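Scroll down for the structure; my scribbles are underneath it.
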Amino acid sequence: MSYQTLTTSIEEALLLITINRPEKLNALNQMVLSELEQVIDDFIVNNALKSAIITGSGEKAFIAGADIAEFTTLDARSGQALSEKGQRLFSKIENSGKPIIAAVNGFALGGGCELALACHFRVASENAKFGQPEVNLGLLPGYGGTQRLTRLIGKGRALELLLTGNMIDAVTAFQYGLVNHVVPQPELLIKAKSLLAVINTKAPLAVAGCIAAANLADANGTAGYKKEAQSFGELIVTEDAKEGIAAFLEKRKAVFKGL
Ligand code: COA
């Protein structure tokens, strides 16, 4: 199967998924979301595959976020629907009984950070940078980031990232427990593959059991996800969000008015 926005390759029982829009720093447009969902659906039911890696093409970005250019056409309803679409896909990744890990090879911002968070764990290259800069656009993360980031690194650190929009480097991400390993970029896929090679020798039902049980330790109901998607729909039509999105696309600084 061939895709427009990503590539896949199989080595033994391991599926490598590479988001492939390097000219836009692998930003997640709606086509990436749809194609990735197709790949994940196939991966989950393909008995020949035991695990997967998600990475980004090039050496600069894992994924620099949702595609901001697509935000200009959203209204409250389609904004909330987009958020729910991303949430559904990322929950499928989190709930896969076969491990899916993120090999973060550069910027993991916005939806890119959220995708990494939905994976079962993360390895990063030394140049990786993580952040949730949606607040700079007058928005909030809409693909589960408010929930998963808070659970993974704790409320204080999560809120600092969410409210400042600041990026953290790979070493800080390691200290926060956001990534498990930091390696030089040429070793990133080697490291990710070597971890999955170990897991691939284990009993698949035991692996699936560990993931399902660990996910339950995290579970806090769906209220937070619902609130996130609803807020995304409400914010996307505000004057400040229009200003924030326009400012990014026009490469200038946003001026917010609280409207
Ligand atoms: N959506 C759409 N396009 C994006 C994008 C995104 N999230 N992130 C980067 N791009 C595009 C840029 O517009 C640019 O396109 P152009 O060459 O057609 O102008 C191209 O990718 C390269 O990005 P550029 O900004 O020139 O690279 P940089 O090295 O100067 O900066 C970043 C890198 C990651 C700091 C910067 O691209 C950025 O801030 N991106 C947005 C991050 C964000 O807010 N994500 C959350 C979205 S909800």
Side-chain angles (χ1 to χ4, degrees), residues 4-6 19-36 54-76 78-87 89-90 102 104-118 124-149 158 161-170 172-173 178 185 228-229 231-238 240-256:
Q4 286 184 44
T5 62
L6 50 84
I19 309 299
N20 190 28
R21 297 183 74 212
E23 72 292 349
K24 293 292 177 190
L25 305 187
N26 303 319
L28 293 177
N29 62 12
Q30 299 235 23
M31 185 174 285
V32 180
L33 291 182
S34 300
E35 292 192 335
L36 185 57
I54 301 178
T55 193
S57 70
E59 294 180 352
K60 186 169 173 182
F62 173 66
I63 294 164
D67 192 321
I68 298 168
E70 284 190 344
F71 285 177
T72 55
T73 56
L74 294 177
D75 59 19
S78 57
Q80 183 169 340
L82 175 66
S83 174
E84 288 165 353
K85 176 178 169 163
Q87 286 185 356
L89 167 59
F90 288 12
V104 180
N105 56 311
F107 289 113
L109 303 177
C113 188
E114 293 176 285
L115 177 56
L117 290 166
S125 56
E126 289 164 338
N127 65 321
K129 291 217 160 44
F130 296 81
Q132 297 290 164
E134 288 85 350
V135 73
N136 297 332
L137 304 171
L139 294 171
L140 85 170
Y143 299 159
T146 61
Q147 308 302 296
R148 293 193 182 95
L149 187 65
L161 291 182
L162 292 166
L163 301 184
T164 62
N166 285 346
M167 289 184 218
I168 53 172
D169 61 17
T172 308
L178 210 165
Q185 192 159 57
E228 182 187 88
S231 298
F232 192 89
E234 286 166 4
L235 287 170
I236 197 81
V237 289
T238 60
D240 277 352
K242 288 188 174 46
E243 162 66 7
I245 291 161
F248 175 79
L249 296 173
E250 291 159 17
K251 302 184 190 294
R252 62 176 173 81
K253 204 167 162 27
V255 182
F256 294 125

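In listed order, ligands and their atoms are each counted from 1. As the structure is a prediction and not an experimental result, all values here were calculated from the model.
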Notebook entry, point to check: Given the rule in the side chain to side chain donor-acceptor pair (under 3.5 Å) test, do Thr238 and Asp240 qualify, once you have shown the distances and angles that lead to the verdict?
Noted result: CA-CA 5 Å; Thr238 60; Asp240 277 352; 6.0 Å; no
Show the distances, to 0.1 Å, for all pairs joining an N/O atom of ligand 1 and a protein N/O atom that are shorter than 3.5 Å, listing one pair per line.
{"unit_1": "ligand 1", "atom_1": "1 (N)", "unit_2": "Ala66", "atom_2": "O", "d": "3.3"}
{"unit_1": "ligand 1", "atom_1": "1 (N)", "unit_2": "Ile68", "atom_2": "N", "d": "2.9"}
{"unit_1": "ligand 1", "atom_1": "7 (N)", "unit_2": "Ala64", "atom_2": "O", "d": "3.0"}
{"unit_1": "ligand 1", "atom_1": "7 (N)", "unit_2": "Ala66", "atom_2": "O", "d": "2.8"}
{"unit_1": "ligand 1", "atom_1": "15 (O)", "unit_2": "Lys24", "atom_2": "NZ", "d": "3.3"}
{"unit_1": "ligand 1", "atom_1": "18 (O)", "unit_2": "Lys24", "atom_2": "NZ", "d": "2.6"}
{"unit_1": "ligand 1", "atom_1": "19 (O)", "unit_2": "Lys251", "atom_2": "NZ", "d": "2.8"}
{"unit_1": "ligand 1", "atom_1": "29 (O)", "unit_2": "Lys60", "atom_2": "NZ", "d": "2.6"}
{"unit_1": "ligand 1", "atom_1": "45 (N)", "unit_2": "Ala64", "atom_2": "O", "d": "3.0"}

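- Rounded to the nearest 0.5 Å, atoms CD (Glu35) and CD1 (Ile19) are 9.0 Å apart.
- No donor-acceptor pair under 3.5 Å is formed between the side chain of Gln4 and the backbone N or O of Met31.
- Partners of Asp67 by salt bridge (charged side-chain N to carboxylate O under 4.0 Å, His left out), not counting sequence neighbours, listed by chain and number: Arg21.
- How far CD of Glu84 is from CG of Leu82: 9.5 Å, rounded to the nearest 0.5 Å.
- Residues Leu28 and Glu114 are not in side-chain contact: their nearest non-hydrogen atoms beyond the backbone lie 4.5 Å or more apart.
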